[in-house]
Amino acid sequence: MKRILVTGVSGLLGLNFSLQTAARYDVYGVFHRNQLKDVPFELINTDLTQSDEVDHILDSVKPEVVLNCAAMTRLDACELNKDLAHQVNTVMPGKLAKAAAQRGIFFVHISTDSIFDGRRDHYSEKDLPNPINTYARTKLAGEQRVLEVNPQALIARVVFYGCSLSGERSLAEFFYNHLSQGQTVRGFADVFFCPLLVNQLSEILVEMIELKLEGLYHVVSSECLSKYDFGVKLARRFDFDEELIAPVSWHDVDLHAERAANLRLCTDKIQSALGKSMPPQAEGIDQFYKLVQDGYAQSIQSYKTITDNVPG
Ligand SMILES: NC(=O)c1ccc[n+]([C@@H]2O[C@H](COP(=O)([O-])OP(=O)(O)OC[C@H]3O[C@@H](n4cnc5c(N)ncnc54)[C@H](OP(=O)(O)O)[C@@H]3O)[C@@H](O)[C@H]2O)c1
């Protein structure tokens with residue numbers, strides 16, 4: 001069985017990926033502040049920004065693959081602590097990528113759609129990024145460091161939703177939690193994205209790892225939509241009252257970090273590498289509905305031990 005080290009294992013992607021692949025891979029998951037319990041894989045607790053940790057972990061685990069899902073993802077927290085964002089999103093991926101290259105370990109780095117400024121219609125891998133906030137700037141610098149020190153690395157620019165440890169990490173959980181209680185919410189009608197369900201993304205990452213793809217890929221849904229439309233589609237699938245969602249403009253909401261409003265990414269490159277289309281929205285939302293009906297959300301939250309939702 002292939003041994004894989006997953007950083008950010010307490011996060012939305014790291015946890016879903018590790019649970020989903022634990023029977024296929026020998027998974028070692030690294031968490032920082034959010035301790036997990038009773039998970040079907042090995043756990044390592046460390047702060048990856050500490051100098052010797054990366055080499056030490058790779059030498060003791062000896063993985064064949066490293067999947068780097070660890071990041072400082074909260075946009076406003078990144079604005080408030082730019083130095084920590086730089087350490088976690090830029091320096092740490094570079095260190096991991098270099099240490100992996102030195103040991104012949106395949107390195108997979110997770111990046112973001114947010115490295116674009118949102119001023120164009122669509123973005124392919126050939127388009128020049130222009131990040132407009134600290135999170136995006138540090139993530140783009142992370143991509144660049146990874147490729148400088150490890151040209152064989154795979155970088156996936158993603159955006160996703162699903163069930164998280166806290167039950168409130170993703171946009172789907174935000175809509176679900178409010179609408180299921182009959183509460184009104186606002187949805188941005190002028191912010192566009194192409195999210196995948198995290199479980200779909202995990203399967204696609206497995207295929208990319210098995211094919212040992214190298215370089216940069218946009219790994220998102222083939223269908224892009226506004227955040228408001230995403231909420232409406234979700235409400236319809238769950239039979240919630242879609243009138244509870246008020247369409248608003250992001251200009252009308254006071255946000256600390258600037259956001260890119262149009263993150264429609266082209267998926268041609270990944271589609272031709274895998275020989276299939278990226279899933280459309282209805283497929284992901286239907287799978288999310290079934291997971292929630294089957295108690296998957298509660299089962300994910302049952303792995304939680306101490307406080308989560310801490311910045312980082
Ligand atoms: N969520 C999205 O829609 C989205 C969109 C675009 C790109 N991405 C990218 O996808 C990846 C995964 O995102 P996510 O939403 O799953 O993240 P998340 O839920 O915010 O989790 C982040 C993870 O990083 C870990 N971490 C942070 N600082 C660390 C440190 N110093 N040492 C070790 N671990 C550390 C956290 O550990 P603790 O919680 O244990 O402290 C946590 O497991 C990230 O690269 C993110 O930039 C996400």
Side-chain angles (χ1 to χ4, degrees), residues 5-19 29-37 39 43-51 53-54 57 66-78 81 83-93 95-96 108-116 131 133-143 146 155-174 191 193-202 205 218-221 227 230 259-260 263 265 284 300 303-312:
L5 182 83
V6 179
T7 69
V9 78
S10 44
L12 179 57
L13 176 58
L15 183 55
N16 281 279
F17 178 92
S18 300
L19 290 170
V30 177
F31 68 97
H32 180 211
R33 298 193 191 158
N34 287 302
Q35 173 81 47
L36 304 171
K37 65 169 167 86
V39 286
L43 285 171
I44 299 167
N45 180 207
T46 198
D47 178 352
L48 287 168
T49 61
Q50 295 308 303
S51 52
E53 288 302 296
V54 163
I57 290 172
V66 171
L67 172 62
N68 182 34
C69 304
M72 185 162 166
T73 55
R74 287 172 176 79
L75 271 58
D76 292 343
C78 290
N81 196 341
D83 185 53
L84 185 60
H86 172 71
Q87 288 303 323
V88 178
N89 294 340
T90 306
V91 178
M92 186 268 283
K95 266 202 268 177
L96 260 177
V108 185
H109 178 64
I110 302 298
S111 190
T112 173
D113 56 351
S114 309
I115 46 100
F116 293 113
N133 57 46
T134 300
Y135 166 71
R137 273 190 288 276
T138 56
K139 289 292 292 182
L140 177 62
E143 287 185 3
V146 166
I155 298 182
R157 288 180 180 151
V158 301
V159 60
F160 53 90
Y161 63 91
C163 300
S164 65
L165 198 61
S166 64
E168 45 194 34
R169 168 83 185 88
S170 78
L171 187 65
E173 292 172 312
F174 165 80
V191 175
F193 70 152
C194 332
L196 282 172
L197 177 66
V198 68
N199 311 82
Q200 298 174 312
L201 173 60
S202 297
L205 288 172
H218 291 173
V219 189
V220 298
S221 167
K227 295 200 170 180
F230 178 76
R259 264 90 167 157
L263 293 173
L265 305 194
I300 287 264
Y303 296 116
K304 178 165 67 174
T305 51
I306 50 170
T307 347
D308 65 355
N309 250 346
V310 285

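In each ligand, atom 1 is the first atom listed, and ligand 1 is the first ligand listed. Bear in mind the structure is a predicted one, so any value in this text is a computation, not a measurement.
Side chains of Thr7 and Asn68: a donor-acceptor N/O pair is present below 3.5 angstrom, by distance only.
Considering backbone and side-chain atoms together, Arg33 places an N or O closer than 3.5 Å to an N or O of ligand 1. Inclusion of Val159 in the set of residues having an N or O under 3.5 Å from an N or O of ligand 1 is not warranted. Distances between N or O atoms of Arg74 and those of ligand 1 include no value under 3.5 Å.
Contacts between Tyr135 and ligand 1 below 4.0 angstrom, taking non-hydrogen atoms only, involve the side chain exclusively. If you look at Asn34 next to ligand 1, the close heavy atoms, those under 4.0 Å, come from the backbone and the side chain alike. Here Gln87 has no heavy atoms under 4.0 Å from ligand 1, in either its backbone or its side chain. Under 4.0 angstrom from ligand 1, there are no non-hydrogen atoms of Met72. Contacts with ligand 1 closer than 4.0 Å are made by backbone heavy atoms (N, CA, C, O) of Ser111 only, the side chain lying farther away.
Remark: ligand 1 atoms within the under-4.0 Å shell around heavy atoms of Leu12 are 15 (O), 16 (O), 19 (O). Heavy-atom proximity to Leu13, at under 4.0 Å, picks out these atoms of ligand 1: 16 (O). The distance from ligand 1 to the heavy atoms of Gly11 drops below 4.0 Å at these ligand atoms: 16 (O), 18 (P), 19 (O), 21 (O), 42 (C), 43 (O). Those atoms of ligand 1 with a heavy atom of Thr112 less than 4.0 angstrom away are 6 (C), 7 (C). Of all atoms in ligand 1, listed by their number and element, those nearer than 4.0 Å to a heavy atom of Thr49 are 31 (N). Against a heavy-atom cut-off of under 4.0 Å, Lys139 is close to the following atoms of ligand 1: 44 (C), 45 (O), 46 (C), 47 (O). Atoms of ligand 1 lying under 4.0 Å from any heavy atom of Thr73, numbered from 1 in the order shown and given with element: 13 (O), 17 (O), 18 (P), 20 (O), 46 (C), 47 (O).
Judged as a disulfide (SG to SG under 2.5 Å), and not counting sequence neighbours, Cys78 has no contacts. Considering only residues two or more places apart in sequence or on other chains, Asp76 meets the salt bridge (Lys or Arg N to Asp or Glu O under 4.0 Å) condition with Arg259.
The residue from Thr7, Thr46, Leu196, Val158 that puts a heavy atom closest to atom 33 (C) of ligand 1 is Thr46. With Ser10, Ala71, Gly14 as candidates, the residue nearest to atom 22 (C) of ligand 1 on a non-hydrogen basis is Ala71.
Each of Leu171, Leu265, Val220, Leu263 was compared with Val159 under the side-chain contact (heavy atoms from CB on, under 4.5 Å) criterion, and only Val220 meets it. When the options Leu36, Leu165, Asn34 are evaluated for a side-chain contact (heavy atoms from CB on, under 4.5 Å) with Lys304, the one that passes is Leu165.
Pro195 places a side-chain heavy atom less than 4.5 Å from the side chain of Tyr161.
Val88 approaches Met72 most closely through the heavy-atom pair CG1-N, 3.4 Å.
Assignment of Val30 to the shell around ligand 1 is not supported, since no heavy atom sits closer than 4.0 Å.
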